[in-house]
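Here is the structure we will look at.
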Amino acid sequence: MQKDKPIIALDFDTVDKMEAFIQQFEGQALNVKIGMEMYYANGPALVKQLKAAGHHIFLDLKLHDIPNTVHRSIRALTELGVDMLNVHAAGGEEMMRWAMEAIAEAQPDPDKRPLLIAVTQLTSTSEAAMQAEQLTQATIEESVVHYAQLSQKAGLDGVVCSPLESRLIKDQVGTDFITVTPGIRPSNYQSQREDQERITTPAKAKALGSDYIVVGRPITQAADPVQAYRDITAEWQA
Ligand code: C5P
């Protein structure tokens with residue numbers, strides 16, 4: 001995964017649309033994120049195709065199951081040669097440890113293995129819903145820090161979180177612990193906030209300590225995606 005470039009969320013409903021989008025970049029190696037929708041419809045073949053074209057892949061499947069099942073699944077996904085994978089921290093420390101072991105088994109070279117990051121609380125979860133549904137008195141921030149610490153204890157590389165939480169996580173867990181942040185809107189982005197709540201710009205995300213930013217619609221739905229990508233990359237690198 002190239003740290004100096006944003007990760008483009010390829011949230012398309014067909015491979016044709018995804019390919020038409022990627023073609024505009026004329027062979028540039030991109031960081032891309034494949035989510036559940038694309039993966040469940042198109043499977044490993046899609047990952048292999050993107051990989052063969054030289055792209056770096058964050059496979060965003062958010063695994064959450066018993067340790068043995070997650071172990072076997074992460075092993076299979078690592079064998080595809082992806083660069084970043086994720087699990088739900090709520091699956092527990094043991095599940096996360098088994099996931100890390102699966103990566104080491106499938107790719108013993110530490111320089112080539114995918115990064116494993118955890119989802120703490122989904123960005124769609126409000127504090128009120130979390131407290132009622134997860135039967136807790138914790139604030140969202142306390143819960144996010146708790147899950148980040150648990151993930152680190154299990155040996156994971158980092159977490160997915162809101163860019164506004166990166167600084168807090170770095171302070172509590174350590175600067176080496178990676179934060180991957182969606183919720184990015186470039187400063188010139190004119191459209192509605194869509195369903196992203198706690199959003200910030202690429203430059204602000206960097207200042208707050210994000211290691212990687214994930215950007216979807218501001219690039220994929222832009223009138224000129226290549227220009228939008230250039231602008232966002234420049235803002236991220238500044
Ligand atoms: O909003 P945008 O299209 O940039 O979203 C990029 C990625 O951010 C999505 O693929 C999704 O995984 C994530 N996202 C999120 N919370 C939201 C909306 C999107 O984490 N509310």
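Keep in mind it's a predicted model, so treat the numbers as computed, not measured. Numbers for residues simply follow the sequence, beginning at 1. Scope of the values below: all heavy atoms of this structure, side chains included, with no hydrogens, waters or symmetry mates. Whatever order the structure lists them in is the order used to number ligands and atoms, beginning at 1.
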Knowing that exactly one of E105, Q107, E101 qualifies, which makes a side-chain hydrogen bond (donor to acceptor under 3.5 Å, both in side chains) with R75?
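The side-chain hydrogen bond (donor to acceptor under 3.5 Å, both in side chains) with R75 is passed solely by E105 among E105, Q107, E101.
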Among D211, D176, T175, the one residue meeting side-chain hydrogen bond (donor to acceptor under 3.5 Å, both in side chains) with K170:
D211
Is P218 close enough to touch ligand 1? Criterion: a residue heavy atom under 4.0 Å from a ligand atom.
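For ligand 1, residue contact (heavy atoms, under 4.0 Å) with P218 is present.
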Location of contacts on D60 toward ligand 1, heavy atoms closer than 4.0 Å:
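Answer for D60: side chain.
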Hey, is R185 touching ligand 1 through its side chain, its backbone, both or neither, going by heavy atoms under 4.0 Å?
side chain
Which atoms of ligand 1 have any heavy atom of [X] under 4.0 Å away?
| X | answer |
| --- | --- |
| P182 | 8 (O), 13 (C), 20 (O) |
| D11 | 9 (C), 10 (O) |
| A9 | 6 (C), 10 (O) |

Residues clustered with L135, ILVMFWY side-chain links under 4.5 angstrom:
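Cluster partners of L135: none, it stands alone.
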Is there a polar contact between ligand 1 and G183, counting only N or O atoms under 3.5 Å apart?
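Such a contact does not occur with ligand 1.
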N/O separation below 3.5 Å, K33 to ligand 1
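Yes, there is a polar N/O contact under 3.5 Å.
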Among pairs that include at least one residue of residues 229-238, which meet salt bridge (charged side-chain N to carboxylate O under 4.0 Å, His left out), considering only residues two or more places apart or in two chains?
none
Under 4.0 Å between a side-chain nitrogen and a carboxylate oxygen: does that hold for D157 and R113?
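Here D157 pairs with R113 in a salt bridge, since their nearest N and O are under 4.0 Å apart.
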Do Y39 and L77 touch side chain to side chain, with heavy atoms closer than 4.5 Å?
yes
